[in-house]
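Input: a single structure, listed below in structure tokens.
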There are 2 protein chains.
Amino acid sequence: MARTDIARRVYNHTWKLDPIVRSLLDTDFYKLLMLQMIRGLYPDVQVTFSLVNRNKGVRLAEEIDVGELKEQLDHARTLRFSKKEMIWLAGNTFYGRKQIFQPDFLQWLANFQLPEYELQQKDGQLELHFHGSWMEATMWEIPALAIINELRSRAAMRHLGPFALDVLYARAKAKVWSKVERLRKYPDLRISDFGTRRRHSFLWQRWCVEALKEGIGSSFTGTSNVLLAMDTDLEALGTNAHELPMVLAALTNNDEELKASPYRVLQDWQRYYGGNLLIVLPDTFGTESFLRDAPAWVADWTGFRPDSAPPIPGGERIISFWKEHGKDPHEKLLIFSDGLDVETIEETYNHFKGRVRMSFGWGTNLTNDFEDCAPKEIKSLKAISMVCKVSEVNGRPAVKLSDNPEKATGTPDALQHYLDIFGNENRVSKVLSV
Amino acid sequence: MARTDIARRVYNHTWKLDPIVRSLLDTDFYKLLMLQMIRGLYPDVQVTFSLVNRNKGVRLAEEIDVGELKEQLDHARTLRFSKKEMIWLAGNTFYGRKQIFQPDFLQWLANFQLPEYELQQKDGQLELHFHGSWMEATMWEIPALAIINELRSRAAMRHLGPFALDVLYARAKAKVWSKVERLRKYPDLRISDFGTRRRHSFLWQRWCVEALKEGIGSSFTGTSNVLLAMDTDLEALGTNAHELPMVLAALTNNDEELKASPYRVLQDWQRYYGGNLLIVLPDTFGTESFLRDAPAWVADWTGFRPDSAPPIPGGERIISFWKEHGKDPHEKLLIFSDGLDVETIEETYNHFKGRVRMSFGWGTNLTNDFEDCAPKEIKSLKAISMVCKVSEVNGRPAVKLSDNPEKATGTPDALQHYLDIFGNENRVSKVLSV
């Protein structure tokens, strides 16, 4: 019997495109939760999402082929949710709740298509914008990032022969597994995969998810990637993101409304979701001001996700907030998700152990850590800090202050205005490795 | 297009045997060189080769399925040299010499078949003997060892799922590659693969050979495995083994002949081969007595392969021998081949650098080092010290004293007799890890 499947070989020779994103479910779960709310409450808001490469030293438009990028983005626009995917979304239980997606939302989603994009090159960088209604443009964030990151990986490895690739992936697998072995020392640790957007590639993320499933068992609580959750029978995880407070803030008409907007977001959210989905993301305009001005009911929510403060002081600050409001931290949940790797997970876990419930959303250092894996160093194989953020809302600038000024986005004037309103307390710069 | 080749899948489901040895060229090159001489000079000698498991703690007959072993041995007996293989043996240049194999030898070889075997179980061990003419039985040594070692590997990994296997081989590849990276710091190092007999598996040996070819380039001088040499366009390497002095010693009729037999071997060899093939293997009955009683012409040979003495004192002893005979060690070659790994190679290389030509024949720790590779430790994945040695010659016991008493073989009476003749000087016990 022939060892080589001739038809497949010829197909491989002649194919034009190896699609990076092959399903609209290949996105983060919180996008779908947010989408349902956005469509329900803000169907008319017009936004722009824009690519931001925080590593200016990396000249993205020179690293990857812009023609290939267009092909991949165009391919993503051809995707629709398949029948199987729609049935799964309707029938699956998410966060313990059945039918979390309402029938009229699903009906609309069945015809969803990613909107057009605007792509240019400038000074070696990519200018990539997604204009349109919020409920359409928001869905570009994850596929756009995943496409650009995987194109970077492919370009970085283009010159490698089969043997070098074999060594590279062998080492990367050995590396992930050594992390898994470190983490399984802590049987009550709870970790999930949050690594879709900056993954090395789709297949590699799948391998990493399988490694966690195999290696840490019930400590692995699930993945933010909806497609992988469906395909590997894992929980789809994630709640909400900075775009909600950013857009709602931009929609306000005076300083009082602006100051109140972060809590307005939570009220909106609570109209749609409950229980473990009641996770506060406090850092959009600085955690300190958020907690200082928070209404008492904010302490009733299940947990907080401190996403840009250093994890230990950030977590301590939230525990203090709960205690000030007479809440027992043992019943509360902290979700850490910012720049985690084994060391920070171990350190944070050991620090808070027994005092609060914890969960770790592990991203880039799970799904894109290839340091020292290539037979000869390839600098462009290193993940970069690239985001795709809402930049404009109904013609106004969108702003994020963050607890880490390096992560701030917005026009200078708007940034200053938000700083005047929310203050600059306890914001600490942390280098953005990824 | 279907991703799964249905026919192949069904074939995989239903196959009865995955042959370990698939070619008579899947053996060590020195076997063929010795075979030509044995057939030319000793066609009537009758011998027995016997399996010796030096790790008695490992109960071989319980680790592997004896029925499977029979199937593999039977399969090896169905093999003949193929036309392509015969043409390559006739047409290839070995050690810089064309037509090293004479036409009448090749004509005989074309019909070669491995002789019958005798297999029993006793106390958890295998009793495996190959009786017959020397020129037939000798050819079992390498395939028999390779088969048993690969059956051990398969048994050790039988309970692993696809993911654990993936991690295991990823780690093993990463491990080999880290050794390659250490060794390529020494650009004038010369290393060859001597790892056929104790390899983890045929495919793994091929991977290791490809890794050395890719990683250390011209420092990789070739492989002892004839099939791999042919398939990967590498030099086939190796000269002669202990069986020559062992058999010739057993054939002697008095003490004087016995004492002279190690030099008689060299004279026989020289009738067939020259140049870089003139490598002395001095340790069969102890290097000290060999050198002490050696005729002056032994110092004219190209090199020595000290195979059981510790490499540094062993090499020094041979350099002294050359100097005593007025030879310049810079023009001589030392081939190290006993229990090498990166550390011993580095240490020995640094010790002798600039004083003598050196070459390293790297065996078990190249092709069967899976320590710490399995997700959960598998003790039976560790290579064992198993050999297949000539045990009887025309009804008399065959003896090996070795520089390392742990490697001695023979009946107690015969061993004592040989010790009386050759002495026991400078023999040093060294634990046989593999």
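Per chain, numbering begins at 1; letters A, B, ... match sequence-line order.
- Aromatic ring pairs are classed by plane angle as parallel below 30°, tilted from 30° to 60° and perpendicular above 60°; the pair B:F29 and B:F94 is parallel.
- Heavy-atom distances place no part of A:A172 under 4.5 Å from chain B, backbone and side chain included.
- Contacts from residues 155-167 of chain B to chain A, taken as heavy-atom pairs separated by less than 4.5 Å, involve B:F163, B:A164, B:D166, B:V167 in sequence order.
- Taking the charged nitrogens against the carboxylate oxygens, B:K179 and B:E346 have no contact shorter than 4.0 Å, which rules out a salt bridge.
- Per-residue heavy-atom pair counts under 4.5 Å with chain A were compared for B:S178, B:A211, B:C373, and the maximum is reached by B:A211.
- With a threshold of 4.5 angstrom between heavy atoms, A:E210 approaches chain B through its backbone and through its side chain.
- Salt bridge present: B:E181 and A:R171 bring a charged side-chain N and a carboxylate O closer than 4.0 Å.
- What you find for A:G195 and A:T367 is that their closest heavy atoms are O-OG1, 2.8 Å.
- A donor-acceptor pair shorter than 3.5 Å cannot be found between the side chains of B:E235 and B:T221.
- Comment: A:D28 engages A:R197 in a salt bridge, judged by a side-chain N to carboxylate O separation of less than 4.0 angstrom.
- Distance check, rounded to the nearest 0.5 Å: NZ of B:K173 to CG of A:L168 gives 11.5 Å.
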